[in-house]
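Below, chain A is the first sequence line, B the second, and so on; all start at residue 1.
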Amino acid sequence: MQKKYKIATKNTLNNIKSTLPVLFGVILLISWVISIIPSSLYSKFFTGNGFIDSFFGAIVGSIAAGNPVNSYVIGVELFKQNVSLIAVTAFIVSWVTVGVVQFPAESLLLGKRFALIRNVISFFSAIVIAILTIIILQFL
Amino acid sequence: MIKKIIVKIGGNWVFLISILFLYLLTLIFNKDLFIKSILYTKDVLIEVTPVLIIVFSLTFLANIWLTNKKANKLLTKKIGPLQYITAVILGILSSGPIYMWYPLLSELKEKGLKNSLIAIFLYNRAVKIPLMAMIVYYFGLPFLLVTTFLMIIFSLINGYFVAKFTNN
């Protein structure tokens, strides 16, 4: 029994030792990206064309990082500035599901192939979800 | 040469050192940005520390409870609807930044947890129960219901394709 706890403690400490540098690095990187990109810059990416904007929305959302609350706050601001709902939806969904800034951490801890495939699929999913949301909402 | 250094000190530390170097350059060329970033880092660290303690506690419990033999039996068996539903619910209920969950998922993956379930868990973190009132206020109830429904469905699609393309 004591051996079981000893092994568990050793494995957990090894896990902490290997993941803390990555987590701390990601937090530093996210803080840096958030500080360098003002939220007012986001609206400049949109063209007014719903389909193209959903693509740009997903790109901006994928690069942006931080608390998901911010994605909704910025999304509302974009919506107020006449950015289409389709683009705002793609932006919000990709903010949480795609992580360009977190990619190094995901890649190091869960595998490069896994991280790449998951993020690419999530990116395109965000665009499809945005398009489907608008289509479904028109029928409601 | 670079590859040798990475192997010697580990990709994890190389990543952190690269970011610290970025901060050093920022300090030299833009002190205001450096201070802003450090202050933001401090806020994030205060916010994530409780989640991190929970995640490492869960990792410890997983290491006690999931012996290699048990993990092999539990995590490598054929996945059914119950496992998918569990991954969806746990993803929705989990809190804190997504990257805080990587250590636990990494540990479970080593014990045999399937990539599809990890992908489903991570995708469902997009469904945020604490933010639902805010979403209804700004975008309306139909928007919340439609996006939540679609995100859950797409998490399963995501899991399927991740499993297919990672051969896991």
Atom CG of A:L110 and atom CH2 of B:W101: how far apart are they, to the nearest 0.5 Å? 13.5 Å
Euclidean distance, B:L150 CG relative to A:I131 CD1, rounded to 0.5 Å: 11.5 Å
Can B:I38 be reached from A:I37 by stepping across I, L, V, M, F, W or Y side chains whose heavy atoms are under 4.5 Å apart? yes
Return the option, out of B:V44, B:T147, B:I135, with the maximum number of heavy-atom pairs under 4.5 Å with chain A. B:I135
Rounded to the nearest 0.5 Å, how far does CG of B:L52 lie from CG of A:L20? 6.0 Å
Checking heavy atoms, do the side chain of A:I7, its backbone, both or neither come under 4.5 Å from chain B? neither
Within 45 degrees of the ring normal and closer than 6.0 Å to the centroid, is that where the cationic atom of B:K109 sits relative to A:F114? yes
Treat each ILVMFWY residue as a node, draw an edge where side-chain heavy atoms are under 4.5 Å apart, and state whether B:Y137 and B:I129 are in one component. yes
State yes or no: do B:L24 and A:F24 share one hydrophobic cluster built from I, L, V, M, F, W and Y residues joined by side-chain heavy-atom distances below 4.5 Å, directly or via other members? no
Shorter than 4.5 Å, heavy atoms on both sides: which option in B:N30, B:N124, B:L105, B:L22 has the most such pairs with chain A? B:L22
Say whether, by atom type as modelled, one donor and one acceptor occur between the side chain of A:Y72 and the main chain of B:Y138 under 3.5 angstrom. no
Yes or no on side-chain contact (heavy atoms from CB on, under 4.5 Å) for A:T97 and B:F154, after CA distance, side-chain angles and deciding distance? CA-CA 11 Å; A:T97 58; B:F154 272 81; over 6 Å; no
Measure distances from B:F149 to the heavy atoms of chain A and classify the residue's part below 4.5 Å as side chain, backbone, both or neither. neither
A:I16 vs B:T59, side-chain contact (heavy atoms from CB on, under 4.5 Å): CA-CA, chis, key distance, verdict: CA-CA 9 Å; A:I16 293 171; B:T59 308; over 6 Å; no
Residue, of A:L140, A:V98, A:I136, that accumulates the most heavy atom pairs under 4.5 Å with chain B: A:I136
So which atom in A:V96 and which in B:I98 form the shortest heavy-atom distance, rounded to 0.1 Å? O-CD1, 4.2 Å
B:F34 CZ: over 12 foreign heavy atoms closer than 6.0 Å: yes
Where the side chain of B:T41 meets the backbone of A:S31, is there a donor-acceptor pair that is under 3.5 Å apart? no
Residue B:E110 versus chain A: region with a heavy atom under 4.5 Å: neither
Contact part of B:L20 toward chain A, heavy-atom cut-off under 4.5 Å: side chain, backbone, both or neither? side chain
Which atoms form the tightest heavy-atom contact between B:I64 and A:A8, and what is the distance? CG1-CB, 3.5 Å
Rounded to the nearest 0.5 Å, what's the gap from CZ on B:F143 to CD1 on A:I92? Could you check? 5.0 Å
For B:F15, which atoms come within 4.5 Å of any heavy atom of chain A: side chain, backbone, both, or neither? side chain
Would you sort out whether B:F165 and A:V120 count as a side-chain contact (heavy atoms from CB on, under 4.5 Å), showing the intermediate values? CA-CA 11 Å; B:F165 291 123; A:V120 169; over 6 Å; no
Heavy-atom pairs under 4.5 Å with chain B: which of A:I36, A:L132, A:T89, A:V76 has the most? A:V76
Is the backbone N or O of A:S18 less than 3.5 Å from a side-chain atom of B:N12, with the two atoms forming a donor-acceptor pair by type? yes
Kindly determine whether B:Y99 and A:V22 satisfy side-chain contact (heavy atoms from CB on, under 4.5 Å), including the steps that lead there. CA-CA 9 Å; B:Y99 49 86; A:V22 182; over 6 Å; no
With respect to B:E107, which candidate in A:N15, A:T12, A:N14 satisfies the side chain to side chain contact (heavy atoms under 4.5 Å, CB included) definition? A:N15
Could you give the distance from OG (B:S37) to CD1 (A:I27), rounded to the nearest 0.5 Å? 13.5 Å
Heavy-atom pair with the smallest gap, counting every atom of A:Q102 and B:Y102: CB-OH, 3.9 Å
Pick whichever of A:V88, A:L116, A:L85 has the most heavy-atom pairs under 4.5 Å with chain B. A:L85
What residue in A:L28, A:T19, A:I34 has the most heavy-atom pairs under 4.5 Å with chain B? A:L28
Value for OG (A:S71) from CG (B:L131), rounded to nearest 0.5 Å, stands at 7.5 Å
Looking only at heavy atoms and a cut-off of under 4.5 Å, which of A:I121, A:V128, A:I134 has the most pairs with chain B? A:I121
Residues A:W32 and B:Y23: closest non-hydrogen pair is N-OH, 3.6 Å
Applying a strict 4.5 Å limit to non-hydrogen atoms, the region of B:V55 in contact with chain A is neither
A side-chain contact here means heavy atoms from C-beta on lying under 4.5 Å apart; do B:L122 and A:E106 qualify? yes
With only heavy atoms counted, which part of B:S155 is less than 4.5 Å from chain A, the side chain, the backbone, both or neither? neither
Do B:F29 and A:L29 belong together in a cluster built from hydrophobic side chains that touch within less than 4.5 Å? no
Answer yes or no: are there more than 12 heavy-atom neighbours, outside A:F55 itself, under 6.0 Å from its atom CZ? no
Using non-hydrogen atoms only, which part of B:M134 is less than 4.5 Å away from chain A: side chain, backbone, both, or neither? side chain
Is there a path of hydrophobic side-chain contacts, each under 4.5 Å between heavy atoms of I, L, V, M, F, W or Y residues, that connects B:L25 with B:L16? no
Over all heavy atoms of both residues, which pair between B:Y123 and A:S125 is shortest? Give the atoms and the distance, please. OH-CB, 3.4 Å
